[in-house]
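See below for the structure under consideration.
In the text below, chain A, chain B and the rest are named by the order of the sequence lines, each starting its count at 1. For clarity, every value in this text was computed on a predicted model and none was experimentally measured. Both backbone and side-chain heavy atoms feed into the values below; hydrogens, waters and symmetry mates do not.
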Protein chains: 2
Amino acid sequence: MGAAIRDRSMEVKLSAAIKLGDEELTQRQQDVLDIALSLLVEVGDKLTMTGVARRARCSKESLYKWFGDRDGLLTAIVQWQAAKVRPVPLGPQRMSIEALQANLERFAYDWLKVIAGDISVALNRLAITHAGPLSNLGHTVLTNGRFAVGKRLKPLLKAGRGAGLLRFDDEEEAFRTFFGLVLRDVQVRLLLGDEFELSDQDVIRDAKRATEQFLKLYGA
Amino acid sequence: MGAAIRDRSMEVKLSAAIKLGDEELTQRQQDVLDIALSLLVEVGDKLTMTGVARRARCSKESLYKWFGDRDGLLTAIVQWQAAKVRPVPLGPQRMSIEALQANLERFAYDWLKVIAGDISVALNRLAITHAGPLSNLGHTVLTNGRFAVGKRLKPLLKAGRGAGLLRFDDEEEAFRTFFGLVLRDVQVRLLLGDEFELSDQDVIRDAKRATEQFLKLYGA
DNA sequence: ATGGAACCGTACCGTACGGTTCGGTAAATG
DNA sequence: CATTTACCGAACCGTACGGTACGGTTCCAT
């Protein structure tokens with residue numbers, strides 16, 4: 001479980017590879033962020049600096065040195081997770097109706113899986129808790145969640161339109177409709193603590209249904 | 001603004017009319033809850049007992065006497081707001097396609113308006129912040145929000161099906177699709193602090209579009 | 001080996017806030 | 001008038017937690 005890196009000689013080799021904003025993160029700091037994230041999933045907004053330090057077996061002083069203050073740590077956690085989820089752009093293969101449908105289904109499946117996961121729920125709860133014009137957490141989550149997904153899906157939609165398979169004027173509108181058809185009330189219910197049994201079969205069925213409905217609305 | 005009731009002689013006449021759970025609320029207490037709600041909209045989760053007492057010009061002692069503790073106050077706020085929003089069941093008139101469409105549009109319009117309002121955002125943020133198996137806030141919001149809306153819409157859907165205008169097997173599925181088509185990413189974005197210009201024209205257009213799409217998917 | 005950088009662990013401080021207590025007041029009751 | 005009830009206002013307490021200080025340790029570079 002814990003598996004914190006003890007042999008600090010690795011840091012020199014592995015660190016400096018990953019940048020976060022303007023900061024570089026040593027291996028040790030990345031490990032701490034992973035541990036903090038797992039703790040966040042457990043305790044939610046009751047995450048405490050002392051708790052992180054104890055779990056990560058580091059000193060609070062180091063936390064403050066690395067991340068500035070509590071808000072900086074939370075921001076780093078969110079950005080760190082976001083940096084990890086920079087997934088594959090689906091290949092622009094020759095676009096047939098079957099390929100389009102399969103791609104949409106796969107997209108919806110992955111998306112639902114992520115949204116229904118513990119980490120997504122925890123991070124969105126955190127960002128919503130500290131939302132407002134002041135904190136940038138909500139903005140960060142939006143940028144790396146909702147908007148990043150949009151950027152990834154739109155090329156697929158445009159390819160479908162280019163192949164004469166889809167018909168729409170506003171790709172943003174089309175994407176938002178797909179958003180609604182895929183996620184529906186799932187995210188809000190999870191955020192509100194609704195205990196939700198969402199089996200893999202359910203997700204598969206939902207992905208198929210959402211794709212089917214989307215094609216019925218926007219298919220040419 | 002403030003307009004706290006000074007003349008306490010009114011309480012005797014007006015109180016005991018409204019029950020909340022098993023508790024009755026005096027007029028004074030209802031006023032305090034309204035004030036607390038407005039303060040909650042302003043300050044969010046930084047709502048403090050002292051702040052409520054000062055704004056409502058009452059003593060903290062009274063707050064604790066009436067609501068038990070902070071969690072009790074928050075629960076009372078949510079339930080109080082929920083008690084106010086127990087809207088009209090739309091009349092089961094003779095169901096034509098035009099009437100169905102108009103009803104759906106009106107429903108979507110009202111719904112979007114509520115969801116995009118400050119109060120809804122504040123209450124959902126609050127409930128999400130304190131979500132988890134422990135707190136019942138999330139459950140209360142879900143019951144009086146998502147599920148109450150479902151209960152109100154389903155009769156309309158069934159009436160439409162009865163009149164041969166709609167076709168669906170599972171009314172819950174149909175409702176959830178309508179949910180997705182109407183709200184899409186609006187609620188999550190607002191919860192995450194996305195500054196959102198949603199004019200009345202936008203809401204009207206969204207309601208029409210969602211209804212049109214829904215009828216395309218489920219129309220007979 | 002030696003100096004220094006980074007870090008751990010812990011004790012400590014300041015403050016904010018939930019919750020309690022108490023004295024005082026005004027209206028209702030009888 | 002005496003008593004009770006309900007409330008206000010303010011002082012007070014306990015605690016949790018963010019943030020800091022500091023002594024001791026590990027490890028690398030020279």
Side-chain angles (χ1 to χ4, degrees), chain A residues 2 4-16 23-33 35-36 39-40 43-77 126 129-130 134-135 137, chain B residues 2 4-16 23-33 35-36 39-40 43-77 126 129-130 134-135 137:
Chain A
I5 301 295
R6 287 290 154 61
D7 182 5
R8 204 155 295 115
S9 63
M10 298 176 61
E11 291 185 17
V12 181
K13 300 175 195 161
L14 296 182
S15 69
E23 305 293 330
E24 294 184 359
L25 289 179
T26 68
Q27 183 65 44
R28 172 67 171 145
Q29 290 164 10
Q30 298 173 29
D31 294 338
V32 169
L33 286 181
I35 293 169
L39 189 57
L40 175 69
V43 304
D45 64 335
K46 290 193 293 285
L47 187 80
T48 190
M49 300 296 278
T50 305
V52 173
R54 184 162 43 226
R55 175 74 71 98
R57 288 179 166 274
C58 70
S59 69
K60 281 169 67 175
E61 191 180 17
S62 298
L63 291 181
Y64 284 103
K65 181 173 193 168
W66 294 333
F67 308 111
D69 55 7
R70 183 171 187 269
D71 220 57
L73 172 63
L74 298 180
T75 303
I77 292 174
L126 178 69
T129 298
H130 298 161
L134 313 94
S135 181
L137 268 184
Chain B
I5 300 295
R6 287 290 153 62
D7 183 4
R8 203 154 298 116
S9 62
M10 299 177 60
E11 293 186 15
V12 182
K13 300 175 192 160
L14 296 182
S15 69
E23 304 294 328
E24 294 184 0
L25 290 179
T26 67
Q27 183 64 43
R28 173 66 174 148
Q29 289 163 9
Q30 297 175 29
D31 294 337
V32 169
L33 285 181
I35 293 169
L39 189 57
L40 175 70
V43 304
D45 64 334
K46 290 193 293 287
L47 187 81
T48 191
M49 300 297 278
T50 305
V52 173
R54 184 161 43 227
R55 175 73 72 96
R57 288 177 165 275
C58 71
S59 69
K60 283 168 65 177
E61 189 182 18
S62 298
L63 292 181
Y64 283 104
K65 182 172 193 166
W66 294 334
F67 307 111
D69 56 7
R70 183 171 188 269
D71 221 56
L73 173 63
L74 298 180
T75 303
I77 292 174
L126 177 70
T129 297
H130 297 161
L134 314 94
S135 181
L137 267 185

Here the distance between atom P of C:dT10 and atom CZ of A:R57, to the nearest Å, is 10 Å
Taken to the nearest whole Å, CG/A:D31 to P/C:dC8 is 11 Å
- Query: Quick one: does A:L63's side chain get under 4.5 Å of A:V32's, heavy atoms only?
  - Reply: yes
Beyond-backbone contact of B:I35 with B:V52, side-chain heavy atoms, under 4.5 angstrom:
no
Might you point out which heavy atoms bring [X] and [Y] nearest each other, and give the distance in Å?
X     : Y      : value
B:F67 : B:L33  : CZ-CD2, 3.7 Å
B:S59 : B:A53  : C-CB, 4.1 Å
B:R28 : B:A56  : NH2-O, 3.0 Å
B:L40 : B:I77  : CD2-CG2, 4.4 Å
A:R70 : A:H130 : NH1-CE1, 3.9 Å
B:M49 : B:K60  : O-CG, 4.2 Å

Tabulate protein N/O versus nucleotide N/O from nucleotides 3-6 of chain C, keeping only pairs under 3.5 Å, one per line.
none

Looking at C:dC8, I'd like to know if its phosphate oxygens (OP1 or OP2) sit under 4.0 Å from a side-chain N or O belonging to A:R28.
yes
Check: Between A:S62 and C:dC8, is there a side-chain N or O to OP1/OP2 distance below 4.0 Å?
Finding: yes
Is there any protein nitrogen or oxygen under 3.5 Å from a nitrogen or oxygen in nucleotides 18-22 of chain D, and what are the pairs?
{"residue": "D:dG18", "atom": "OP1", "partner": "A:R70", "partner atom": "NE", "Å": "2.9"}
{"residue": "D:dG18", "atom": "OP2", "partner": "A:T48", "partner atom": "OG1", "Å": "2.8"}
{"residue": "D:dG18", "atom": "OP2", "partner": "A:M49", "partner atom": "N", "Å": "3.2"}
{"residue": "D:dG19", "atom": "OP2", "partner": "A:R70", "partner atom": "N", "Å": "3.0"}
{"residue": "D:dG19", "atom": "N7", "partner": "A:K60", "partner atom": "NZ", "Å": "2.9"}
{"residue": "D:dG19", "atom": "O6", "partner": "A:K60", "partner atom": "NZ", "Å": "2.6"}
{"residue": "D:dC22", "atom": "N4", "partner": "A:E61", "partner atom": "OE1", "Å": "2.3"}
{"residue": "D:dC22", "atom": "N4", "partner": "A:E61", "partner atom": "OE2", "Å": "3.2"}

